[in-house]
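The residues of the chain are indexed from 1 along the displayed sequence.
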Amino acid sequence: MRKILPIILLVFNVMICQAHQDFYVTKTYNNLTVRIKTGYEYEEINKLKILGELGQRMLEKANYKGKVLIDFNHYYTGTCEPDFFISYDNGSIKYTWDNSLRPEPVLSSAGLVIRIVSSKLDYKKALELLNYAIENKDYIKKNQDKIKYEQNYCQWSVNSIDTVEIKKILNSNQSKFVSETLKQKVYVADSTWNFGTSYFYQDNSFNFLVRAYNGVPDTVALSVKDIYQVVQIGSGSKIVFDTDSSFYYVGWYGDRVISQRHIVENTKNNYQGFSVKEIGDDMLTIYFSRFATKEEEEKGIADFYYSQTSIYDIKNDKWISDIRRNLIEK
């Protein structure tokens, strides 16, 4: 069961009981602070860096010197209708489930606050709201009010202008300023990266770049619209999950820089991501676990908890899904 601050998900696996708690990651780019609250090491954390870079470029071009917070509450146990809030304050949240908790400021002094509750980090929407806030700071300060928000695992009292008005802003035509910003290239790796694989974001695509020491030109091996999880393999390759049920192997292997797209079965309601391990001989295991479905329990496939291990053969680009059940069937 998942609760609010601390948010605890009790996961029972055979006789092991683990407590899970959400956590924050905060990054600062000059006068812009970006923050995410999430539950596991999703790629949304690295995507936050891209939002920070793009947002800071917008602030510099607009010559906006005041403090800004973009606060992303990651709804990771499925999908939800996104909600947005805009205010001018220190970014604190009053948690309505416990009046004894004192709101803690995120900013050292008042600034523009864009708060997002969503299962996906949408750069376009975040930057549209940032653009609006920059241009309408006085209006926001004058018209914000306390809003009680109790859904999507949140129990908050926060400042915001009318949320209906915010949705109208997002439904209007994209501003030229935001369009120009999204066309810019932002790398996830820092400037010291010189070998292996990394990716950059540009114009609504995540582009995986393969770089070698041997003078071979950089190769864009893969372009995808979204990323669920990225796992480093060795010094120069990555497993890239473009969804919660599919992946590519990206990196030089002979004259190949990208694998086929492989499908991972039975992943519905897997919220913890994947554990990827190297087992030698250019082979990987990919493991996940989740609560069993009623149908799986009735058929004797799993008792309360479902786990699955699959094997990927890098050399031959072969994928054997669900090893245990494949062995049982044979």
For this session: Could you give me the CA-CA distance, side-chain angles and deciding distance for Y228 and T243, then say whether side-chain contact (heavy atoms from CB on, under 4.5 Å) is met?
Result: CA-CA 5 Å; Y228 176 73; T243 71; 5.5 Å; no
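- Not a single donor-acceptor pair under 3.5 Å links the side chain of E165 to the backbone N or O of K167.
- When all heavy atoms of Q202 and K185 are compared, the closest pair comes out as OE1-CE, 3.7 Å.
- Looking at N31, its side chain does come within 3.5 Å of a backbone N or O of Y64 through a donor-acceptor pair.
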Problem set entry | Y201 and K47: CA distance, side-chain angles, deciding distance, side-chain contact (heavy atoms from CB on, under 4.5 Å) verdict | CA-CA 9 Å; Y201 175 86; K47 291 180 189 176; over 6 Å; no
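- Closest approach of N152 and C80 over heavy atoms only: OD1-CB, 3.5 Å.
- From D89, atom CG reaches atom CG of L112 across 9.5 Å, with rounding to the nearest 0.5 Å.
- Of the N and O atoms on the side chains of D22 and Y76, at least one donor lies less than 3.5 Å from an acceptor on the other residue.
- Taking CG from L54 and NZ from K183, the interatomic distance works out to 13.0 Å, rounded to the nearest 0.5 Å.
- At a threshold of 4.5 Å between non-hydrogen side-chain atoms, the residues D317 and Y249 do not count as touching.
- Between Y132 and Y139, the ring planes lie perpendicular to each other; the angle is over 60°, past the 30° to 60° tilted range.
- With values rounded to the nearest 0.5 angstrom, I301 atom CD1 is found 10.5 Å from Q308 atom CD.
- A donor-acceptor pair is defined here as one N or O able to donate and one able to accept, closer than 3.5 Å; no such pair exists between the side chain of E150 and the backbone of W156.
- Alongside V113, the hydrophobic cluster contains L69, V106, L107 (criterion: ILVMFWY side chains under 4.5 Å).
- Checked against the 6.0 Å centroid criterion, the rings of F85 and Y149 qualify as a close aromatic pair.
- Scanning both residues, A133 and I86, for their nearest heavy atoms gives CB-CG2, 4.3 Å.
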Exercise. Could you walk me through whether D71 and N73 pass the side-chain contact (heavy atoms from CB on, under 4.5 Å) check?
Worked result: CA-CA 7 Å; D71 198 17; N73 194 89; over 6 Å; no
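- Looking at heavy atoms from C-beta onward, L182 lies out of side-chain contact with N204 at the 4.5 angstrom threshold.
- Between K61 and F177, the closest side-chain pair of non-hydrogen atoms falls below 4.5 Å.
- Of the possible polar contacts, none joining the E128 side chain to the I169 backbone as a donor-acceptor pair under 3.5 Å is found.
- Grouping the Ile, Leu, Val, Met, Phe, Trp and Tyr side chains by contacts below 4.5 angstrom, directly or via other members, places V164 apart from L129.
- Linking ILVMFWY residues whenever their side-chain heavy atoms come closer than 4.5 Å, directly or via other members, leaves I263 and I258 in distinct clusters.
- The minimum heavy-atom distance between S310 and S321, with the atom names listed, is OG-CA, 3.4 Å.
- Within the 4.5 Å cutoff, side-chain heavy atoms of T267 are placed close to those of F288.
- No side-chain heavy atom of Y199 sits less than 4.5 Å from a side-chain heavy atom of V250.
- A side-chain donor-acceptor contact under 3.5 Å links R290 to the backbone of K268.
- Sparse packing is recorded around CG of D303, with 12 or fewer heavy atoms of other residues, nucleotides or ligands lying under 6.0 Å away.
- How far OG1 of T285 is from NZ of K277: 8.0 Å, rounded to the nearest 0.5 Å.
- By the 4.5 Å heavy-atom criterion applied to side chains, E43 and D226 are not counted as neighbours.
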Problem set entry | side chain to side chain donor-acceptor pair (under 3.5 Å) evaluation trace for N207 with S205 | CA-CA 6 Å; N207 305 278; S205 290; 4.9 Å; no
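- One finds the SG atom of C154 at 8.5 Å from the OH atom of Y95 (value rounded to the nearest 0.5 Å).
- The local environment of CG in N173 is sparse, with at most 12 non-hydrogen atoms from other residues, nucleotides or ligands closer than 6.0 Å.
- The shortest side-chain heavy-atom distance between L101 and K94 does not fall under the 4.5 Å cut-off.
- Ring-plane geometry between Y153 and Y75 is classed as parallel, the angle between the planes falling under 30 degrees on a 0 to 90 degree scale with a further cut at 60.
- One N or O on the side chain of R115 and one on the backbone of G91 form a donor-acceptor pair closer than 3.5 Å.
- Within 6.0 Å of NZ in K124 there are more than 12 heavy atoms belonging to other residues, nucleotides or ligands.
- In this structure, the ring of F304 has its center less than 6.0 angstrom from the ring center of F291.
- Between V178 and L127, the shortest heavy-atom contact is CG2-O, 3.7 Å.
- Distance alone, capped at 3.5 Å, places no donor-acceptor pair between the E296 side chain and the Y306 backbone.
- Under a 4.0 Å N-O distance rule, the pair E297/K294 does not qualify as a salt bridge.
- Taking the six-membered ring where the residue is Trp, Y187 and F200 present tilted rings, their angle falling between 30° and 60°.
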Problem set entry | Audit row: E60, N30, side-chain contact (heavy atoms from CB on, under 4.5 Å) steps and yes/no | CA-CA 10 Å; E60 288 177 355; N30 297 329; 3.7 Å; yes
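- In this structure, CZ in F23 is found 4.0 Å from CD1 in I45, a value given to the nearest 0.5 Å.
- Remark: of the listed residues Y40, Y287, F241, F241 is the sole one forming a ring pair (Phe, Tyr, Trp, His ring centres under 6.0 Å) with F274.
- Taking the side chain as every heavy atom from C-beta outward, V257 and T197 never approach each other to under 4.5 Å.
- Between I114 and L130, the shortest heavy-atom distance links the atoms CD1-CA, 3.9 Å.
- Ion pairing between E295 and K299 holds under the 4.0 Å rule for side-chain N and carboxylate O.
- Taking the six-membered ring where the residue is Trp, the centroids of Y312 and F247 are separated by under 6.0 Å.
- Here R261 pairs with D242, S246 under the side chain to side chain donor-acceptor pair (under 3.5 Å) rule; sequence neighbours left out.
- Taking a cutoff of 4.0 Å between a charged side-chain nitrogen and a carboxylate oxygen, K168 and D162 do not qualify as a salt bridge.
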